[in-house]
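Shown next, in structure tokens, is the structure this report addresses.
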Number of protein chains: 2
Amino acid sequence: MARILSGNRKQFIIEEAGQLFREKGYTAASMRDLAERVGVEAASLYNHIKSKDELLREICFRVAHEYVSHLSQTEQMEATYAEKVRALLRMHIAIITHDISAVSVANNEWKHLPEPYLSEFTHIRRDYERRFAALIQKGIEAGEFRPVNPKIALFTLLAAVRWVEIWYKPGREISPQTLERDIETILIHGLTQATAP
Amino acid sequence: MARILSGNRKQFIIEEAGQLFREKGYTAASMRDLAERVGVEAASLYNHIKSKDELLREICFRVAHEYVSHLSQTEQMEATYAEKVRALLRMHIAIITHDISAVSVANNEWKHLPEPYLSEFTHIRRDYERRFAALIQKGIEAGEFRPVNPKIALFTLLAAVRWVEIWYKPGREISPQTLERDIETILIHGLTQATAP
DNA sequence: GTCTATAGGCGGATAGAC
DNA sequence: GTCTATCCGCCTATAGAC
């Protein structure tokens, strides 16, 4: 029971840390700032966590594992490569809009992870990119996609959904559904009306 | 003469600061770090600059003004909206590949600007986005572009070229020319071969 | 214009009472 | 588990000798 309460308390602290790190950046955010949000003195935080960077680790790796888990599911789908890429774009937008603080921290503050976690994190991310690029490569070979460099295509897609993380706030004028539809339209079909392959 | 030398020295310090801020982040980068790169003691830097945030300001506003200046030129071009948007995409890629540290800092560290510079910077950026979105809006009205939300289109385009800033290193396997061509292909024509408007 | 020395503040984290 | 008090280090920036 004590462990469950303690676990909840820790999760609450991690949640607040995610929002704080997103707003001010990991380095500029102090444990005193975090304590104020949580409603305790700074020293009390250390009854739940061991260090500031433990918070960063929890956030970054939770996000990383969520992305990898969805990628694995997508790879096993029975579908065309275009459908798989489309599903991954939707997945990215969904994760971002549902867990925006954590995603933002994982995207922008990961470089402050201390070793060996930094190496582990970049390794996971590189592996994710490699597997995603392989799907695009196969889509090109299958004639579904234009013959572009798969890495360029990958990063263009990933970056194009990442802006949502910077910009999106719940309750903003544009709904997640419109977001999803229009971003997909541009990336999959292109911006211009009349296309000539 | 003394002023010219001093000016060059200051520019050198700003250049080194840009690289340092990009690598470590503005808050995590110390004046001692910067001094070591420049080859002096930290206190000596203050003969050339007034404060750490002056360096951040110089970098952020130089980049902002470069973007705005190119946008103004593009607005005055005699060309279709598709050609103008294409020109702006090329301009973004060119600025990023030529001045990557400064662009990276302006994109990622601007939030550490102290007021009133923070407000001024965000105002300049919002104005840039408004004018760029207007070009897309007109392109949609002219039937050149698909009927998507202009803001979504804008941010998707801007984000898609921004990844270059995170990823690009001079001398990497992919050339700026290939970058430009493939990113344009995806954003303007779309990833899939057979498009059905 | 560069140096050494240092002021003055805030950072993460710990000790120990309750 | 939370508090107060505090350690100790690093931070930006300044003072003043050379």
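Worth saying up front: this structure is predicted, and the values here are computed from it rather than measured. Every chain is numbered from 1, with letters handed out A, B, ... down the list of sequences. For the numbers below, each heavy atom of this structure counts, side chains included, while hydrogens, waters and symmetry mates do not.
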Margin query: Can a side-chain donor-acceptor contact be found between B:R162 and B:N108 if the only test is distance below 3.5 angstrom?
Written below: yes
Let me know the distance between [atom1] of [X] and [atom2] of [N], rounded to the nearest Å.
{"X": "A:K52", "N": "C:dC10", "atom1": "NZ", "atom2": "C1'", "value": "12 Å"}
{"X": "B:I13", "N": "D:dT12", "atom1": "CD1", "atom2": "P", "value": "15 Å"}
{"X": "A:D33", "N": "C:dG9", "atom1": "CG", "atom2": "P", "value": "18 Å"}
{"X": "A:K10", "N": "D:dG1", "atom1": "NZ", "atom2": "C1'", "value": "15 Å"}
{"X": "A:H112", "N": "C:dG12", "atom1": "NE2", "atom2": "C1'", "value": "15 Å"}
{"X": "B:H48", "N": "C:dC3", "atom1": "NE2", "atom2": "C1'", "value": "12 Å"}
{"X": "B:Y26", "N": "D:dC11", "atom1": "OH", "atom2": "C1'", "value": "12 Å"}
{"X": "A:I49", "N": "D:dG1", "atom1": "CD1", "atom2": "P", "value": "14 Å"}

Sugar-phosphate, base or nothing in reach of [X], heavy atoms under 4.0 Å:
{"X": "B:A42", "answer": "nothing"}
{"X": "B:A28", "answer": "nothing"}
{"X": "A:A35", "answer": "nothing"}

Margin query: Taking B:E23 first and then A:K111, would you say they form a salt bridge - that is, a charged N and a carboxylate O separated by under 4.0 Å?
Written below: no
Next item on the list: Kindly say if B:S44 contacts the phosphate of C:dG1, meaning a side-chain N or O under 4.0 Å from OP1 or OP2.
Entry: no
Next item on the list: Considering just the side-chain nitrogens and oxygens of B:R32, establish if one lies under 4.0 Å of OP1 or OP2 belonging to D:dC11.
Entry: yes
Check: Of B:L45 and A:K50, whose nearest nucleotide on DNA chain C comes first from the 5' end?
Finding: B:L45
The side chain of [X] is closest to which nucleotide in this list: [options]?
{"X": "B:S51", "options": "D:dA13, C:dG1, D:dC3", "value": "D:dA13"}
{"X": "B:E41", "options": "C:dT4, D:dA13, C:dA13", "value": "C:dT4"}
{"X": "B:A43", "options": "C:dG12, D:dC3, C:dT4", "value": "C:dT4"}
{"X": "A:M31", "options": "C:dG12, D:dT4, D:dC11", "value": "C:dG12"}

Notebook entry, point to check: Around atom CD of B:E36, are there more than 12 heavy atoms of other residues, nucleotides or ligands at under 6.0 Å?
Noted result: no
Notebook entry, point to check: Heavy-atom count around A:K138 NZ within 6.0 Å, excluding the residue itself: above 12?
Noted result: no
Notebook entry, point to check: Looking at A:I124 and A:H65, what are the two nearest heavy atoms and their distance?
Noted result: CD1-NE2, 4.0 Å
